[in-house]
Amino acid sequence: MLVKTVGPEYANIMIVGEAPGEQEDAQGIPFVGQSGQLLDKILGQAQLSKHECILTNVAKIRPPGNQIGYYFENKAKTIPKPVLAEHIEMLRQDILSYKPNIIIALGRTALWALTGQPAISTARGFITESTLVPGVKVLPTYHPRYVTENWEMLFPVIMDIRKAVANSHKPDLVRDTRVLMSSPTKGEFMDFLRHAETCEKIAVDIETTSPGSHIDILGIATSPNEAMSFTFIRNRKPRFSNPRDEVDIWAAVARVLNTVPTIMHNGTYDSAVLTLNHGIFCRGYKDDTMVAAHVCWPEVPRSLSFLSSVCINVPSWKHLQTTMPAWYNASDAANTFGVYEVIWKEILHGGHLPTYQFEMAQVEVANYLHLKGVKVDRDVQARLIAENISATKKSGTTLAEAFGHEINFNSPKQMAQLLYNDLGLPPQYKRRKSVSEPRKVTTDKEAIIRLSRMSDNPLLDLIVQHKKEIKLKSFLDIELSPTGRVHTNYNITGATMAHQKKAIVIDDDENYKSFGRWSSSKSIILPYGSGNLQNIPRVAREMYVPDAGCWFVQADYKQAEAVIVAYIIGDEKLKDMFKQSFGKSTKYCADNNLDVHKITAAMMFGIPVDEVTPTQRKVGKTIRHATSYSAGPKVVADKLGVPLKIAKQHLNQYLAASPQLQIWHKRIQEELASTRILTNLFGRKHKFLKKWGDSLFRSAYSYIPQSTVGELLNRAMVTYAEKYNTQYPLCLQLHDAMYVASPPDAVNLRAAKHALYECMMIPITYKEETFCVDVDFKVGPNWKDLTETDLDS
DNA sequence: GATTTTACGTA
DNA sequence: CGTACGTAAAATCT
């Protein structure tokens, strides 16, 4: 049936959906189905009711199978069939007769019909003018049906509706009243810099070209409504023939950035470039909108564009990056200022100030480690590469001879052909996210190891070894900087890169989450090394060395996640063990059976701790590890190399002996059900927006231990950097460990260890109980050959 | 040529 | 049905 437009005559907000669904079709009223119910909730969050709005759809009749594609001539859904064109004309008439002030376009089809724009993801959140009925405002947002599949988009949709409500009271189209100056003369820019020096706050943004991260454009905003950007390099050519002119400007810029409190968006990048290329330390850089967003809304995207769309009311500008780069840059600076003002209120209102300040305190250390880099011993590197080449050749030749032809072991296709056709082995399947998904064949390491166990073909193990050697090459065969160093970008707010893009994205990532740990990625300023320094295999670590005349001192939190878990689940036996072993040497712990895995095994098998055999200990270790994060019997079976049935028995034995973990998992599920928010032991909150189910639960189980340990280390590191970095400088961060450099004599090593220990002993309180996580030390001349040492030895 | 999938290294 | 992270190469799409 034809579903008509409904709503009161006086309404000034019109909501346009895509097409009627089953319920709408049956009742003849728009938005009465499932997505209508969600719409009610969303509108409620913006103090709006459906009954105050004009409701309609682009297509007035339900398409077969709810497929909107039915109404289009082409796959891209840009050429409507005559019937849809008629419906759109009806929509136009409705707009003319109801005269809404603003139209909320729900989803791609509504956006397209009202404005001709094809992409909802870029248009979302920015008010534009309708092309269907010129003069009418359109605010595009996601369709509720899309939100039900992508819950992380609920937040922006609510913000969009609020923006629509706020704008529905304004008579005109949004006029852009900002003053964005993009082509000043040198004199005008110098005047502006003098003006900026008198401001209480400014926002700054730079545009750079790679390689070299040269600054093309620098923009400064003195308020959300006033910004000026200056172009230094255009089309790779400097603007001034006399370098003197540029020097003057940089001197003035340096004065401003070192004295005026500065806001940036992902300023770790900007300030690193300014420091490295122009010697400007940006001492005024105190606030960052990306860090602020990470603290307030860790689960949402934090590109400046996204944040602007939810925080402020400006026209979309990201598409002007190439055509009007200076204007774009001025917009960035002004909008950074605007976003800051909104998020700052949220920081205060939401009680996020301490966490925000702690995040900002990490910026300096992260930048220091980024720019300093780590030295690589070229001789060791050459030796390791040579060894790797000969080993790879040897295993490769053996395999090629055995199979009668060359095989690309990196190719899943060729591997599948080899394993499941040529060798006729039983296909192995990947684990699925849910049972409903189709099974997919895999040829990964685990699969090959499983096959090796069944078939006794020694070539399978050789394949695994060969693949490892191929992989190792990528860690060894790396480019070093002219001074023989590698650099990594430490990201305090988690990931900074969109998945597998050609160009590394600096402040524009849409796919962002973070569990409070640092991540490490390729530096675009100093692109030397393998990029990520947190996943270097042990073998390759040999070539990483401290600066001349020093050794590495490694300090890592001992079994940190296990300690945290023991306290949260209230496992008294384990807590007792951790207390007894605190500060004790490895030998003492071994002699006195102070060993988590032995204790686990003893509990499982119901025997005294000193009777646990090495095999039983291995079972205990695997089971504890597996159960902590809710792994299943298949993983345990693979790890231990035992049949599934035995693995299940082991798991049941453990769960029977130690029920606390399951009780805790239940508790986590209840917390997720009531608020979807979990808080780590330092008060950092994370909202879990993924689809309800086991995958969500497991992610949640790992959150508290993982993020608590990450934050523990980062707190220690900030304190250490402030107090001791000049004496024993920091070199590396590895989630639960940090590395510093010290002269290798006993006195210095001991002092370095004590400095680390002092900063790392941070008491953690949980349920009125306070504890510390113990620290282990290792020292050595390179990153691989480290030997254990006690605090005082 | 761009995007998605597969695999794999660390904590 | 461990999770978190980043990178490389192959496979697939357009």
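Here is how names work: the chains are called A, B, and so on, in the same order as the sequence lines, proteins then strands, and each is numbered from 1.
Cation-pi check for A:Arg676 over A:Phe688 is not met; the charged atom does not lie both under 6.0 angstrom from the ring centroid and within 45 degrees of its normal.
Comparing C:dC1, C:dG6, B:dA11 by their closest approach to the side chain of A:Val635 singles out C:dC1. Side-chain proximity of A:Pro633 to the nucleotides C:dC1, B:dA11, C:dG2 is greatest for C:dC1. You'll find that the side chain of A:Pro412 is closest to C:dA10, out of C:dA10, C:dC1, B:dA11. Of the candidates B:dA7, C:dT3, C:dG2, the closest approach to any side-chain atom of A:Ser702 belongs to C:dT3. Of the listed nucleotides (C:dC1, C:dT7, B:dA11), B:dA11 has the atom at the smallest distance from the side chain of A:Asp736. Nearest to the side-chain atoms of A:Pro537 among the listed nucleotides C:dA11, B:dG9, C:dT3 stands B:dG9. Closest to the side chain of A:His735, from the set B:dA11, B:dT6, C:dC5, is B:dA11. Here the nucleotide nearest the side chain of A:Lys413, chosen from C:dG2, C:dT12, C:dG6, is C:dT12. Side chain of A:Lys467, nearest nucleotide from C:dT7, B:dC8, B:dT6: B:dC8. When the nucleotides C:dA10, B:dG9, B:dA11 are ranked by their closest atom to the side chain of A:Lys468, B:dG9 comes out on top.
The CG-C1' distance, from A:Asn489 to C:dC5, rounds to 14 Å in whole Å. Computed from coordinates, the A:His487 NE2 to C:dT7 C1' distance equals 19 Å when rounded to whole Å. Atom CZ in A:Phe475 sits about 9 Å away from atom C1' in C:dG6, given to the nearest Å. Between A:Asn491 atom CG and B:dT10 atom C1' there is a gap of 16 Å when expressed in whole angstrom units. At whole-Å resolution of the value, CG in A:Leu734 and C1' in C:dG6 are 13 Å apart.
In terms of phosphate contacts, A:Arg431 brings a side-chain nitrogen or oxygen within less than 4.0 Å of OP1 or OP2 of C:dG2. At B:dG9, none of the side-chain N or O atoms of A:Ser530 fall inside 4.0 Å of OP1 or OP2 (strictly under the cut-off). Considering only side-chain N and O atoms, A:Arg698 lies nowhere under 4.0 angstrom from the phosphate OP1 or OP2 of C:dG2. Taking only side-chain nitrogens and oxygens, A:Lys522 never comes nearer than 4.0 Å to OP1 or OP2 of C:dT7. OP1 or OP2 of B:dA7 lies within a sub-4.0 Å distance of a side-chain N or O belonging to A:Thr443. Look at A:Lys445 and you'll find a side-chain N or O under 4.0 angstrom from OP1 or OP2 of B:dG9. Close to C:dA9, at under 4.0 Å from its OP1 or OP2, lies no side-chain N or O of A:Ser411. Side-chain N/O atoms of A:Ser630 include none lying less than 4.0 angstrom from OP1 or OP2 on C:dG2.
Contact annotation: the side chain of A:Lys784 never approaches that of A:Val539 to less than 4.5 Å [non-hydrogen atoms, C-beta and beyond].
The neighbour count for A:Glu406 CD, taken as heavy atoms of other residues, nucleotides or ligands under 6.0 Å away, does not exceed 12.
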Dot-bracket line, read 5' to 3' along DNA chain C, where crossing pairs take [ ] and | marks a partner on another strand, Watson-Crick or G-U under 3.5 Å: ..|||||||||||.
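A donor-acceptor contact under 3.5 Å is not formed by the side chain of A:Asn535 with the base of C:dC5.
No engagement by A:Asp556 is indicated, since no non-hydrogen atom pair under 4.0 Å with the nucleic acid exists.
Ion pairing between a basic and an acidic side chain is recognised when a charged N comes within 4.0 Å of a carboxylate O; A:Lys634 and A:Glu446 show no such pairing. Using a cutoff of 4.0 Å between basic side-chain nitrogens and carboxylate oxygens, A:Lys473 and A:Glu469 are not scored as salt-bridged. With respect to A:Lys666 and A:Glu670, no salt bridge is recorded, no charged nitrogen being found less than 4.0 Å from a carboxylate O.
Residues forming a ring-ring contact (aromatic ring centres under 6.0 Å, His included) with A:Trp297 (at least two apart in sequence, or on another chain): A:Phe155.
Note: A:Trp518 CH2 to A:Thr488 OG1 = 10.5 Å, rounded to the nearest 0.5 Å.
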